[in-house]
There are 2 protein chains.
Amino acid sequence: MSPIKILLADDQQLIRDALGALLSLQADIEVAGSCGRGDQVLDLARQTQPDVVLLDIDMPGMDGISVAQQLKEQHLPCRSLIVTTFGRPGYLARALEAGASGFVVKDTPASQLAEAIRKIHAGLRVVDPQLAAESFAVGPSPLTDREKQVLQAAKDGASIVTLAAQLHLSQGTVRNHLSSSIAKLNAENRYDAAHRAEENGWL
Amino acid sequence: MSPIKILLADDQQLIRDALGALLSLQADIEVAGSCGRGDQVLDLARQTQPDVVLLDIDMPGMDGISVAQQLKEQHLPCRSLIVTTFGRPGYLARALEAGASGFVVKDTPASQLAEAIRKIHAGLRVVDPQLAAESFAVGPSPLTDREKQVLQAAKDGASIVTLAAQLHLSQGTVRNHLSSSIAKLNAENRYDAAHRAEENGWL
DNA sequence: TGCAGACCGTGACAAATGTCAGGGGCAGGT
DNA sequence: ACCTGCCCCTGACATTTGTCACGGTCTGCA
């Protein structure tokens, strides 16, 4: 039987190298390539024809979930597995919608990662069980697109005028969006709201 | 020559396992143990007597910098190397003050990590050059202890009354500390200030 | 066609926040 | 003994922010 060819995408080179070393120890897994930018994955996948692509979420160029979606849409003959630091419910939901075949956090034991890759290669789906439960408990995002945008922009501590300028909106509108976000998330203020939304992976 | 014995401390098990696999490939390096909590490192170091301890900063129980300090203070016969995701100038300064022998970010190539371990074992210091430059450019933290505390507490979006209660201070005092922090950091408001302070590793 | 929901904007109000000018206490250094 | 710097508190003030009520546009759906 030929080995499972995988591709590694993570923005930290040490992690790429380390995961590569780890997975190469498995007799039935072969690392076909790796890169540190989301927008390089597609080209690399076309060149190397991997069976499974391991994707981090936080990457420059393009985030891992979008990459999974692109791989799906462009009918690349591979499946994707999200491997991320942050077990945020919203990420899981979005990843599955985007067509990812699996979702594990970076805190799982190495043996389970290899197992996950095999399962995905076999056509199964793999989802971190604890995260799945959390995801159901939290439910879907209550935020509208605009609210997401303003929270996204507010997260770093910009003032209203800055936000309004950035989004080409009036100050009043920005404040209304923020106000409704705050209400929906039971937050104390917009920063609290941005914080909570981010924790759930809704940004 | 006997191999260099190392200890791995990182909160994410997959990273521990992967780094272990990676470093075990080096003929002159041997992984003596690993753990995921800062407050377990000391005991483990006493048991396993490693030459070099690789420490992540973000860990439950105790952060990696404090662990390095403890190792130093208790005269354990080992040196410590901080291996972190975040290349923040303030972290570097604090790590060196705490007695760490090296500081690298997680996106250095694997070969350099092994080299860093060898150098540290040989008694040299290893510091990410780019980060060192940044550290000089940024300079030391301008914040007083109290200012650090209030920014720390403000970071997650709590209101003033909540902050005041947490720190057992009056609201006016909290606002004064925040105000001076904002001024020192050229920030727009306290969240912006907290954000900037965190980017520099001053929290 | 009408309705609901999301979007954009305005204006007004109350509350929270940032700023400033004080005052006093307590440590460390000259 | 004096000064300086940091801490703690107070009170007053202007600005920012959060909330609300309102009117308008557009889209999708029944």
Side-chain angles (χ1 to χ4, degrees), chain A residues 90 93-94 97 138-203, chain B residues 90 93-94 97 138-203:
Chain A
R94 274 195 283 159
E97 272 174 37
V138 169
S141 169
L143 302 172
T144 67
D145 288 343
R146 270 304 186 190
E147 286 161 358
K148 250 179 274 186
Q149 284 179 33
V150 290
L151 285 183
Q152 180 92 300
K155 157 170 71 104
D156 297 338
S159 66
I160 291 263
V161 283
T162 317
L163 293 188
Q166 266 181 29
L167 301 171
H168 307 292
L169 293 176
S170 86
Q171 297 185 26
T173 305
V174 171
R175 294 202 303 194
N176 283 341
H177 283 304
L178 286 172
S179 187
S180 66
S181 307
I182 291 168
K184 285 179 180 175
L185 301 173
N186 292 319
E188 285 193 338
N189 50 49
R190 52 189 152 129
Y191 306 101
D192 190 18
H195 196 251
R196 291 178 186 224
E198 190 162 42
E199 268 186 352
N200 288 325
W202 290 337
L203 292 191
Chain B
R94 273 194 282 159
E97 273 174 37
V138 169
S141 169
L143 302 173
T144 67
D145 287 343
R146 272 303 187 189
E147 286 161 0
K148 250 181 273 187
Q149 284 179 32
V150 291
L151 286 183
Q152 179 93 299
K155 157 171 72 105
D156 296 338
S159 65
I160 290 263
V161 282
T162 317
L163 294 188
Q166 267 181 28
L167 300 172
H168 307 291
L169 294 177
S170 87
Q171 297 185 26
T173 305
V174 172
R175 300 206 318 219
N176 284 340
H177 284 304
L178 287 172
S179 187
S180 66
S181 308
I182 292 167
K184 285 179 181 175
L185 301 173
N186 292 318
E188 286 193 337
N189 51 50
R190 53 187 151 134
Y191 306 102
D192 190 18
H195 196 251
R196 291 178 187 225
E198 190 163 42
E199 268 187 350
N200 287 326
W202 290 337
L203 293 190

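Lettering follows sequence order; numbering is per chain, from 1.
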**Q.** Distance, rounded to the nearest Å, where B:Leu163 contributes CG and C:dG18 contributes C1'
**A.** 14 Å

Q) Just how far is it from atom NZ of B:Lys184 to atom CG of B:Leu151, taken to the nearest 0.5 Å? A) 10.0 Å

Q) Between D:dT16 atom C1' and B:Ile182 atom CD1, what is the distance in whole Å? A) 12 Å

(Q) What's the closest nucleotide to the side chain of B:Thr173 if the choices are D:dT19, D:dC9, C:dG9? (A) D:dC9

Q: Considering non-hydrogen atoms only, spot the tightest contact between A:Arg94 and A:Gly201 and give its length.
A: NH2-O, 2.9 Å

Q: For B:Arg190 and for A:Lys184, locate the closest nucleotide of DNA chain C by heavy-atom distance; then report the residue assigned to the nucleotide nearer the 5' terminus.
A: A:Lys184

**Q.** Contact summary for A:Trp202 and A:Gly139, nearest pair of heavy atoms
**A.** CZ2-O, 3.8 Å

**Q.** Atom-to-atom span, CD1 of B:Ile160 to C1' of D:dC9 - whole angstrom
**A.** 15 Å

Q. Looking at B:Ser170, does any N or O in its side chain come under 4.0 Å of the phosphate oxygens OP1/OP2 on D:dC8?
A. no

Q. So, is A:Thr144 near the phosphate of C:dC7, with a side-chain N or O under 4.0 Å from OP1 or OP2?
A. yes

**Q.** Nucleotide C:dC8, atom P - distance to CD of A:Gln171 in whole Å
**A.** 15 Å

Q. When the nearest nucleotide of DNA chain D is assigned to B:His168 and to A:Tyr191 on a heavy-atom basis, which residue is associated with the more 5' position?
A. B:His168

Q) Can you find a donor-acceptor N/O pair under 3.5 angstrom joining the side chain of A:Asn176 to the base of C:dT10? A) yes

**Q.** Between C:dA6 (P) and A:Leu143 (CG): distance, integer Å
**A.** 11 Å

Q | Exercise: identify the closest heavy-atom pair between A:Ala194 and A:Leu203 | A | O-CD1, 3.9 Å

**Q.** Atom-pair distance (CG on B:Asp192; C1' on C:dT17), nearest Å
**A.** 15 Å

Q) Base, sugar-phosphate, or nothing for B:Arg175, non-hydrogen atoms under 4.0 angstrom? A) base

(Q) Starting the side chain at C-beta, find the nucleotide from D:dC8, C:dC7, D:dA12 nearest to A:Asp145. (A) C:dC7

Q) To the side chain of A:Arg146, which of C:dC7, D:dG18, D:dT10 is closest? A) C:dC7

Q) If you round to the nearest 0.5 Å, how far is CD of B:Gln171 from OG1 of B:Thr162? A) 9.5 Å

Q: Report yes if at least one side-chain N or O of B:Ser159 is closer than 4.0 Å to OP1 or OP2 of C:dA16; otherwise report no.
A: no

Q: Report yes if a side-chain nitrogen or oxygen of B:His177 is closer than 4.0 Å to either non-bridging phosphate oxygen (OP1 or OP2) of D:dC8; otherwise report no.
A: yes

Q. Atom CG of A:Asn189 and atom P of C:dA14: how far apart are they, to the nearest Å?
A. 21 Å

Q.
Using whole Å, what does the distance between atom C1' of nucleotide D:dC6 and atom CG of B:Leu169 come to?
A. 13 Å

